[in-house]
Amino acid sequence: MAIHVVNEARRCLHCKKPMCREGCPIHTPIPDMIQMFLSNQMEQAGEMLFENNPLSIVCSLVCDHEKQCEGHCVRGIKGEPVHISSIENYISDACLERIDLKRAAAQGKRVAIVGSGPAGITIAVLLAQKGYNVTLFESRDKIGGVLRYGIPDFRLPKSILDRYKTQLVRLGIKIRPNTVIGTTLTLDDLQRDGYKAIFIGTGVWRPRKLGIPGESLGNVHFAINYLQNPDVYDLGDDLVVIGAGNSAMDVARTALRKGVRHVTVFCRRLQAAASAREVDYALADGVEFLYGARPVEITDTAVRYQMASFDEAGNVTALSEVQSFPCSSVIVAVSQGPLDRIVSTTTGLATTDRGLLATDGEGHTTRPGVFASGDVVSGARTVVEAVKYSKEVARAMDEYLQTVS
């Protein structure tokens with residue numbers, strides 16, 4: 001691994017206009033990172049990466065690098081791009097515990113972070129470093145949100161999240177696991193107890209359904225539920241996954257690892273929505289794809305569907321007669337929406353027509369002192385997008401906190 005990474009770093013051309021950085025949503029200083037690494041300044045490189053992106057090690061594993069940094073690498077025009085993600089992962093992994101997380105003088109103000117997914121962790125770190133007394137409220141027993149309960153271990157080892165918890169505690173962040181805000185405790189309770197600013201980063205955990213007959217049957221499950229604990233499911237030998245995004249790929253590959261013999265992904269169109277890399281891995285694992293399949297009903301033993309025909313522009317031109325695809329289980333993976341526990345127990349919080357929290361460009365909700373970002377604002381998106389926006393929200397929260405006593 002080390003020799004591979006060093007060789008990859010040596011392939012960098014150190015472009016005057018680094019397109020790799022332009023392709024990164026959070027503008028990671030990739031040439032500087034590589035130069036520091038090659039100059040035996042790995043710890044400084046690790047600190048720089050963490051300062052730019054507190055979830056650098058996570059993003060190095062789960063980002064769609066082929067469309068972002070590596071997809072913009074000049075070397076990729078006529079050959080293989082520099083494997084930037086491997087270099088970033090090597091540095092971030094080696095330096096996570098070695099980074100000196102400095103904390104500014106105490107501000108004497110409490111901040112509540114509701115949800116410990118990518119957005120919550122990012123904002124907790126940034127505000128704790130500025131000296132605020134941060135408490136992180138997590139509804140489950142361990143931190144991580146979608147990183148822990150929505151991404152399989154073979155893509156993101158959960159030990160990384162345990163290491164992050166250690167760093168959060170080192171920064172003085174208090175963590176309240178198994179605490180759901182919106183049931184016993186509400187936002188009113190938090191503000192009563194002196195939290196001057198509250199951040200909501202609860203993600204999207206309500207599965208979206210297809211709206212076809214059969215979704216309540218005992219052999220049908222939803223992707224976000226399955227990924228939280230695959231070991232409790234008995235799927236039989238033949239699984240159909242309806243949906244073709246990255247979550248669908250995670251479900252399909254996990255199911256094969258848990259003993260399912262055959263997995264078929266139903267994709268409504270001629271191309272999967274998942275990244276090309278995730279599709280390649282799914283194919284390598286043995287997942288089969290049925291493109292153009294439009295489910296109309298689920299039964300105890302099959303999915304009834306129609307096959308779509310398309311023109312050159314990708315528009316549907318015709319649908320076949322209804323057919324049956326035998327299977328023992330079905331998992332629906334067609335995105336998620338937010339739960340409404342907080343909204344239903346809080347006055348003054350506006351939502352969009354999709355049920356997401358309404359915010360301005362800096363994360364302000366319609367209730368003073370309450371901010372939000374991440375999937376609960378944008379819908380299911382990528383980790384790096386959540387971190388990028390959350391950095392802006394953390395800055396806005398700091399500015400707001402300077403105005404309140």
Side-chain angles (χ1 to χ4, degrees), residues 1-15 18-76 79-102 118 121-122 125 144 147-148 151-168 170 246 275-278 280-281 284 382-388 391:
M1 177 66 175
I3 295 176
H4 163 71
V5 168
V6 171
N7 286 343
E8 284 300 297
R10 288 172 177 160
R11 294 181 61 229
C12 177
L13 298 175
H14 305 288
C15 305
M19 297 306 297
C20 55
R21 180 171 182 169
E22 294 300 313
C24 174
I26 204 166
H27 301 304
T28 298
I30 295 167
D32 295 339
M33 169 191 78
I34 292 176
Q35 187 59 52
M36 288 180 180
F37 178 59
L38 292 176
S39 300
N40 301 321
Q41 296 176 304
M42 188 163 69
E43 194 162 330
Q44 293 91 322
E47 290 180 355
M48 179 185 67
L49 287 173
F50 191 92
E51 182 178 351
N52 178 70
N53 177 3
L55 292 181
S56 174
I57 185 174
V58 173
C59 290
S60 72
L61 293 171
V62 303
C63 269
D64 189 359
H65 305 105
E66 289 81 2
K67 289 183 179 178
Q68 297 171 357
C69 55
E70 292 170 15
H72 287 73
C73 175
V74 173
R75 276 200 174 273
E80 285 295 313
V82 174
H83 210 279
I84 298 165
S85 56
S86 291
I87 302 169
E88 182 179 10
N89 178 260
Y90 186 85
I91 296 170
S92 298
D93 181 68
C95 294
L96 182 58
E97 282 78 13
R98 296 156 62 181
I99 296 171
D100 182 15
L101 297 179
K102 295 180 175 63
I121 291 176
T122 299
V125 168
L147 301 176
R148 184 181 293 275
I151 300 178
D153 195 69
F154 58 81
R155 281 219 295 137
L156 179 64
K158 302 306 178 281
S159 58
I160 291 174
L161 301 173
D162 297 332
R163 293 165 64 192
Y164 265 100
K165 179 184 176 181
T166 300
Q167 295 297 80
L168 296 181
R170 279 180 56 194
N246 284 339
S275 69
R277 180 178 67 171
E278 294 306 316
D280 286 343
Y281 274 118
T382 65
V383 174
V384 71
E385 288 172 311
V387 175
K388 176 184 178 183
K391 288 177 66 176

**Q** How many angstroms lie between atom NE2 of His83 and atom SG of Cys73, to the nearest 0.5 angstrom?
**A** 11.5 Å
**Q** Could you pull out the closest heavy-atom pair between Ser85 and Ser60, with the gap in Å?
**A**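 Closest pair (atom of Ser85, atom of Ser60, distance): CB-O, 3.5 Å.
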**Q** For Val383 versus Pro118, what's the shortest heavy-atom pair and its separation?
**A**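 Looking at all heavy atoms of both residues, the shortest contact is CG1-CB, 4.0 Å.
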**Q** Out of curiosity, Thr382 OG1 to Asn246 CG, how far, rounded to the nearest 0.5 Å?
**A**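 The distance works out to 9.5 Å.
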**Q** Less than 3.5 Å apart, which donor and acceptor atoms pair up between the side chains of residues 37-51 and the rest of the protein, not counting sequence neighbours?
**A**
| from | atom 1 | to | atom 2 | distance (Å) |
| --- | --- | --- | --- | --- |
| Ser39 | OG | Gln35 | O | 2.9 |
| Ser39 | OG | Gln35 | NE2 | 3.2 |
| Glu43 | OE1 | Arg98 | NH2 | 3.4 |

**Q** Is a donor on one side and an acceptor on the other found under 3.5 Å between the side chain of Arg75 and the backbone of Glu70?
**A** no
**Q** Suppose we screen for side-chain hydrogen bond (donor to acceptor under 3.5 Å, both in side chains). Which residues come up paired with Gln167, at least two apart in sequence or across chains?
**A**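 For Gln167, the residues satisfying side-chain hydrogen bond (donor to acceptor under 3.5 Å, both in side chains) (neighbours in sequence not counted) are Arg170.
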**Q** What's the separation between atom CG in Asp100 and atom SG in Cys95, rounded to the nearest 0.5 Å?
**A** 12.5 Å
**Q** Under the criterion side-chain contact (heavy atoms from CB on, under 4.5 Å), I'd like the reasoning laid out for Val58 against Ile121: C-alpha separation, chi angles, the key distance, then a yes or no.
**A** CA-CA 12 Å; Val58 173; Ile121 291 176; over 6 Å; no
**Q** Please check if the side chain of Arg163 supplies one atom and the backbone of Asp93 the other of a donor-acceptor pair under 3.5 Å.
**A** yes
**Q** For Pro54 and Val387, work out which heavy atoms get closest and say how close.
**A** CD-CG1, 4.2 Å
**Q** Check the pair Lys391 / Asn52 against side-chain contact (heavy atoms from CB on, under 4.5 Å), numbers first and verdict last.
**A** CA-CA 9 Å; Lys391 288 177 66 176; Asn52 178 70; 3.8 Å; yes
**Q** Output yes when a side-chain donor or acceptor of Lys67 lies under 3.5 Å from a complementary backbone atom of His65, and no otherwise.
**A** no
**Q** CD1/Ile26 to CG/Asn53 distance, rounded to the nearest 0.5 angstrom?
**A** 4.0 Å
**Q** For the residue pair Ser86 and His4, what are the closest heavy atoms and their distance?
**A** OG-NE2, 4.1 Å
**Q** Within the structure provided, determine whether Val125 and Tyr164 are in side-chain contact (heavy-atom separation under 4.5 Å).
**A** no
**Q** Does atom NZ (Lys165) have a neighbourhood of more than 12 heavy atoms from anything else shown, all under 6.0 Å?
**A**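 Atom NZ in Lys165 is not packed in, count stays at 12 or less.
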**Q** In plain terms, say whether Glu385 and Lys388 are close enough for a salt bridge, that is, a side-chain N and a carboxylate O under 4.0 Å apart.
**A**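 Salt bridge between Glu385 and Lys388, a charged N being under 4.0 Å from a carboxylate O: no.
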**Q** List the atom of Ile87, the atom of Met33, and the distance in Å for their closest heavy-atom pair.
**A**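 Ile87 and Met33 have their closest heavy atoms at CG2-CE, 3.9 Å.
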**Q** Please lay out, stage by stage, how Ile84 and Gln68 fare under the test side-chain contact (heavy atoms from CB on, under 4.5 Å).
**A** CA-CA 10 Å; Ile84 298 165; Gln68 297 171 357; over 6 Å; no
**Q** Which heavy-atom pair separates Ile34 from Ala9 by the least distance, and what is that distance?
**A** CG2-O, 3.5 Å
**Q** Give the C-alpha distance, both sets of side-chain angles, the deciding distance and a yes or no for side-chain contact (heavy atoms from CB on, under 4.5 Å) between Ile57 and Ile160.
**A** CA-CA 8 Å; Ile57 185 174; Ile160 291 174; 4.0 Å; yes
**Q** Just checking, is any N or O donor in the side chain of Ser56 or Glu88 under 3.5 Å from an acceptor N or O on the other one?
**A** yes
**Q** Output the distance between atom SG (Cys15) and atom CD (Glu22), rounded to the nearest 0.5 Å.
**A**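 Here the rounded value is 11.5 Å.
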